[in-house]
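First comes the structure, then the notes that go with it.
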Amino acid sequence: MPAFEYQALDANGRTRNGVLEGDSARQIRSKLREQSMVPLAVEQVGDREQQSGAEGGISLRLPRRGVKAGDLALITRQMATLVRSGLPLEEVLLTVSRQTERKRLKSVMLSVRTKVTEGYGLSSALADFPHIFPDVYRTSVAAGEQSGYLDVVLERLAEYAEKRQQMRQKVQLALFYPLLLTVMAVLVTIALLGYIVPEVVQVFDNIGQELPPLTIGLIALSEAVQDYGPYAGLATGGAILVGSQLLRRPGPRRTYDLLLLRTPLLNRLVRGTNTARFARTLAIVSASGVPILEALRISSQVVGNVAMREAIEDAARQVREGGSLAKSLESSGYFPPMTVHLIASGESGGNLTEMLGRAAESQEQEMETTTSVLVGLFEPALILIMGAVVLTIVMAILLPIFEINQLVQ
């Protein structure tokens, strides 16, 4: 039974949005009127084209946006559990749609169920929402349907989504405090130079005494912040905006990614993060029964660094010609030796999927350790820098006062 999104006015005149199942839009309108609501717009849930069933010129077309990784992991885990219990796929999708509290996901799952009831496969139904279910997700589901192990594939996808979400949360939590400290340090410095220092140094204007070089430099810097601070802020914002636009172009983006791979400390983070994504994705896709060349194509899409992605694509071409995946990745110089050795061991031992999983876990653990060390070093370093800045400002203010006291004595 198709699902329809509706927009209606309740008895109090408030706008209500929701999803109902019915044979047609007319039946949905009848149900709404039976609930003492006035239907404003009703249209079948779908994402590929805008339908014309809405009344009064109101559109309910679903926006092309994704969902949170945690929500995707949750519904995948629910589907895996229900499929393993033996429920028909239609009942699985209906149950998941009823359990989710996200209206967006409820609409999507009901739309997927509608396609399945019409005779389409689950992977074909998921293809209507590529911004929610990525290529790796849909391809793995298709392989699971063909092999008859859909429950196993869904469980692997759930673990994959959960581990990616956990990794993302760890990185975000690790970076939150340092970023907060940095922002506060910049704001405090600007406040001192732009507002506090000018008020304090006014006492030196009429003393008729030559000021120390440190105080003169502080006054000049303070005046620069007052006169050009807003323009500098606008210029910085404009530079960031222009830079973000340039990075969307292939040439500048590739140059930027190559620079990251050659920058000390940053190169370890970039290589480790992208290698972990690649190994984890290739493991889940190949374990689902997807051919290795297709698995390499899908896995390359999750790699954010352009240079590393090109290296994977080049490795896929060499594998197509009969070459070794490990040697192809090693020749690029972008992938950690541990990962290359594990892949080579998997190729020679016939357990590539297992070795890819170990490589992903190794890189994730190394990234977690590296991030913790860098954050641990960054926090005291930032405190020392702020202490030095404050000390410099205080000394620049106190030096003239000390000289005045010596003259008085």
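Remember, it's a predicted structure, so these values are computed and weren't measured experimentally. Below, each value reflects all heavy atoms present in this structure, side chains not excepted, and no hydrogens, waters or symmetry copies.
Relative orientation of the Y228 and Y231 rings is tilted, given thresholds of 30° and 60° on the angle between their planes.
Nearest heavy atom pair, residue P134 against residue L72, reads CD-CD2, 4.4 Å. Scanning all heavy atoms of the two residues, the minimum distance from S140 to V153 falls at O-CG1, 3.2 Å. The shortest heavy-atom contact between S345 and M355 is OG-SD, 4.1 Å. P178 and L382 get closest at one heavy-atom pair: O-CD2, 4.4 Å. When all heavy atoms of E162 and A73 are compared, the closest pair comes out as CG-CB, 3.8 Å. Taking all atoms of both residues into account, the shortest heavy-atom contact from A315 to L325 is CB-CD1, 4.1 Å.
Put simply, OG1 on T114 and CD on E90 are 10.0 Å apart, with the number rounded to the nearest 0.5 Å. Between the CG atom of N274 and the CD atom of Q363 there is a distance of 10.5 Å, given to the nearest 0.5 Å. Rounded to the nearest 0.5 angstrom, R253 CZ and R248 CZ are separated by 11.0 Å. Rounded to the nearest 0.5 angstrom, T281 OG1 and I298 CD1 are separated by 9.5 Å. Atom CG of residue L192 and atom OG1 of residue T392 lie 11.5 Å apart, to the nearest 0.5 angstrom. Between L110 atom CG and L94 atom CG the span is 7.0 Å, to the nearest 0.5 Å.
Of the possible donor and acceptor atoms, none in the side chain of N351 sits under 3.5 Å from a partner among the backbone N and O of E354. At distances below 3.5 Å, at least one donor-acceptor pair connects side-chain atoms of E145 with backbone N or O atoms of L122. Judged purely by atom type and a 3.5 angstrom limit, T139 has no side-chain atom pairing as donor or acceptor with the backbone of V136. Between the side chain of S331 and the backbone N or O of S328 there is at least one donor-acceptor pair closer than 3.5 Å. A donor-acceptor pair is defined here as one N or O able to donate and one able to accept, closer than 3.5 Å; such a pair exists between the side chain of R156 and the backbone of A287. Listed for the T273 side chain is a donor-acceptor partner under 3.5 Å among the backbone atoms of L269. Between the side chain of K106 and the main chain of S97, a donor-acceptor pair closer than 3.5 Å is present. Side chain of D257 to backbone of V306: a donor-acceptor contact under 3.5 angstrom is found. Here the side chain of T339 pairs no donor or acceptor atom with the backbone of F335 at under 3.5 angstrom. Looking only at distances, a side-chain donor or acceptor of S85 sits under 3.5 Å from a matching main-chain atom of L82.
Contact check on E294 versus R297 returns a salt bridge, with a Lys/Arg side-chain nitrogen under 4.0 Å from an Asp/Glu carboxylate oxygen. Residues K163 and E364 are not paired through a salt bridge, judged by the lack of any N-O separation under 4.0 Å between the basic side chain and the carboxylate. Taking a cutoff of 4.0 Å between a charged side-chain nitrogen and a carboxylate oxygen, R77 and E155 do not qualify as a salt bridge. Ion pairing between a basic and an acidic side chain is recognised when a charged N comes within 4.0 Å of a carboxylate O; R317 and D314 show such pairing. A salt bridge is absent between E313 and R309; no separation between the charged side-chain nitrogens and carboxylate oxygens falls under 4.0 Å.
T100 places none of its side-chain heavy atoms less than 4.5 Å from the side chain of D71. Using a 4.5 Å heavy-atom threshold, the side chains of S222 and Q226 count as touching. Within the 4.5 Å cutoff, the side chain of F278 has heavy atoms near those of the L296 side chain. In this structure the side chain of P130 reaches within 4.5 angstrom of the side chain of R138, judged on heavy atoms. Residues L282 and I292 meet the side-chain proximity criterion, which asks for heavy atoms closer than 4.5 Å. A heavy-atom distance below 4.5 Å is found between the side chains of E366 and R268. Within the 4.5 Å cutoff, the side chain of T189 has heavy atoms near those of the M386 side chain. Under the 4.5 Å side-chain criterion, counting only non-hydrogen atoms from C-beta, D151 is not in contact with T81.
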Where do M109 and M79 land on the side-chain contact (heavy atoms from CB on, under 4.5 Å) test, with the steps shown first?
CA-CA 11 Å; M109 297 310 296; M79 285 194 295; 3.9 Å; yes

In sequence, state the C-alpha distance, the side-chain angles, and the governing distance for M37 and R33, and then conclude on side-chain contact (heavy atoms from CB on, under 4.5 Å).
CA-CA 5 Å; M37 290 194 290; R33 293 189 181 98; over 6 Å; no

Go through the steps to decide whether I397 and L218 satisfy the test side-chain contact (heavy atoms from CB on, under 4.5 Å), and finish with yes or no.
CA-CA 9 Å; I397 295 174; L218 178 64; 4.2 Å; yes

Would you sort out whether V112 and D128 count as a side-chain contact (heavy atoms from CB on, under 4.5 Å), showing the intermediate values?
CA-CA 8 Å; V112 172; D128 284 354; over 6 Å; no

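Counting heavy-atom neighbours within 6.0 Å of F378 CZ, excluding the residue itself, gives a total above 12. Few gaps surround CD on Q245; more than 12 heavy atoms of other groups in view lie less than 6.0 Å from it. Enclosure of atom CZ in R358 is not indicated, since only 12 or fewer non-hydrogen atoms of other residues, nucleotides or ligands lie within 6.0 angstrom.
If you check the side chains of T76 and Y137, you find a donor sitting under 3.5 Å from an acceptor. Side chains of N267 and T263: a donor-acceptor N/O pair is absent below 3.5 angstrom, by distance only. Between T353 and S286, the side chains place a donor N or O and an acceptor N or O closer than 3.5 Å (distance only, hydrogens not considered).
Sorted by first and then second residue, the salt bridge (charged side-chain N to carboxylate O under 4.0 Å, His left out) pairs involving residues 382-399 (not counting sequence neighbours) form an empty list.
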